[in-house]
J.: 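The structure follows.
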Amino acid sequence: MVVSAMDYGENPSASTGQIWQWLGEVRDPEIPVISVTDLGIIRAVEWLGGECVITITPTYSGCPAMDVIAEEIAETLQAHGIKPPRIVYQLSPAWSTDWMTEAGKQKLSGYGIAPPQQQVVDISSIQRYREVQPAIACPQCGSVDTQLVSQFGSTACKALYKCKACLEPFDYFKPH
Amino acid sequence: MSENEFNHKLNDKFNHVLRLADNAMILSQRLSQWCGKGPALEEDMALTNVALDLMGQARLWYAYAAELEGKGRTEDDLAFLRDAHDFHNLLLLEQPNGNYADTLMRQFLFDTWHYHYLQALKQSTDQQIAAIAEKSLKEVTYHLRRSSDLVVRLGDGTELSQKMMQTALEELWRFTGEMFMDDEIDVAMHEAGIAPLHSDLRAAWDTYLADVMHAATLRLPDANSWMQKGGKQGVHTEHMGYLLAEMQFLQRAYPGAQW
């Protein structure tokens, strides 16, 4: 079957700014309250030779959400009349939670996940006696009287905490 | 450079990347075997999440190895359609899970090596290797912090946990020497500025290990004791065939099967 550009609807060449806006509708499949632009994984949106090219940075190497995200980006853009884009994965510089938007962090908190608080994981050196970790505020009651239960929570990007004030467990999005 | 020399160099790089892929893949497979069987729910999740990180890293390395080879093999072909003698992982990583002390000690010994190796590898003149190393290092730093903490807690724990950790350390010790041996591929990679020499990482590994073992009240075995080797050259222990039989069964029985 021959498919012409017309078959993809009325937006064969929407502006990249418009596409960025549409990407804000693509949710993280595991944390549906934040979008891929909130996460900070979209690195570039370009038109190259009539083809829309979207460069994304993987979060964790083995994150199973990455394939789903690529599919959802294609679906969302198609719904807006854009031909399925080419997705390019860019590894370096590696994604970090510092790229998450402030709005994204607030949405996480409202959803019951404590957002990453400190700076990204320090890979420059390893020492056993490391500085005291910052207190993580409970997203339910706001208390900082919380305790790490497990370094890995429901997904690789989260740790499990419990609040000693309201006694509720909660996920913490780890600095990465 | 003659075409033959060029191919030889390319082959060295392919084999070098393949070793990194195999290390991550084989340990990931071992850790996955704990899924649903961890001693506590949190440990179960932690081990399988570490397995997931390592599998993601293995995919990046395999995909690059397949590209370097340029013979049409995919990352899946490299993981599922090679036999034991074509795998180049460290012998330490294929050792059975044993009890939880064995699993943790294996993890700690590897994490310490892995951290220092990736730290040096991110200076690679090969941009893709440097990028994968940088990406992996963030995850591996977290793995090392976790396994170091647990080694200290269980070493400096009860009489029983201390004894089990000490036994695990002594049982696995003979597989650590191989981590610091350089063969002709390592030397060629080092000369090309692509990778560090393993022998150059020994001092940093020793220092960190001594610090953790001291805190864990564990006695380090003799560094000059007899060491088992051969993993990098494809000469494996008797456990490797069983591990691959489980890992590769589906692709062997149903070629091309998709998830």
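Residue numbers begin at 1 in each chain, while the letters A, B, ... track the order of the sequences.
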J.: Any chance you could measure B:D149, atom CG, to A:Q151, atom CD, to the nearest 0.5 Å?
T.: 6.0 Å
J.: Relative to the ring of A:F152, is the ring of B:Y142 parallel (under 30°), tilted (30 to 60°) or perpendicular (over 60°)?
T.: perpendicular
J.: So do B:E134 and A:L91 actually touch side chain to side chain, heavy atoms under 4.5 Å?
T.: no
J.: Measure the shortest side-chain to side-chain distance between A:H176 and B:E139 over non-hydrogen atoms and say whether it is less than 4.5 angstrom.
T.: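 A side-chain contact exists here, since the closest heavy-atom pair is under 4.5 Å.
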J.: Could you tell me which non-hydrogen atom of B:K135 sits nearest to which non-hydrogen atom of A:P58, and how far apart they are?
T.: NZ-O, 3.2 Å
J.: Can you tell which part of A:P93 gets under 4.5 Å to a heavy atom of chain B, answering side chain, backbone, both or neither?
T.: both
J.: Taking A:S154, A:P64, A:G153, A:C63 one by one, which has the highest count of heavy-atom pairs under 4.5 Å against chain B?
T.: A:G153
J.: Can you find a side-chain donor-acceptor pair between A:S92 and B:Q127 that sits under 3.5 Å?
T.: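 B:Q127 and A:S92 do not have a side-chain donor-acceptor pair below 3.5 Å.
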J.: Determine the minimum heavy-atom distance between B:D53 and A:A156, stating which atoms define it.
T.: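 Smallest interatomic distance, heavy atoms only, reads OD1-CB, 4.2 Å.
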J.: Identify which part of B:L137 has an atom lying under 4.5 Å from any heavy atom of chain A, answering side chain, backbone, both or neither.
T.: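 Both backbone and side chain of B:L137 come within 4.5 Å of chain A.
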J.: Using modelled atom types and a 3.5 Å cut-off, is there a donor and acceptor pairing between side-chain atoms of B:K138 and backbone atoms of A:W95?
T.: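 Looks like yes, one N/O pair under 3.5 Å.
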J.: For B:Q128, is it the side chain, the backbone, both or neither that has a heavy atom under 4.5 Å from a heavy atom of chain A?
T.: side chain
J.: Measure A:T57 against the heavy atoms of chain B and call it side chain, backbone, both or neither at under 4.5 Å.
T.: neither
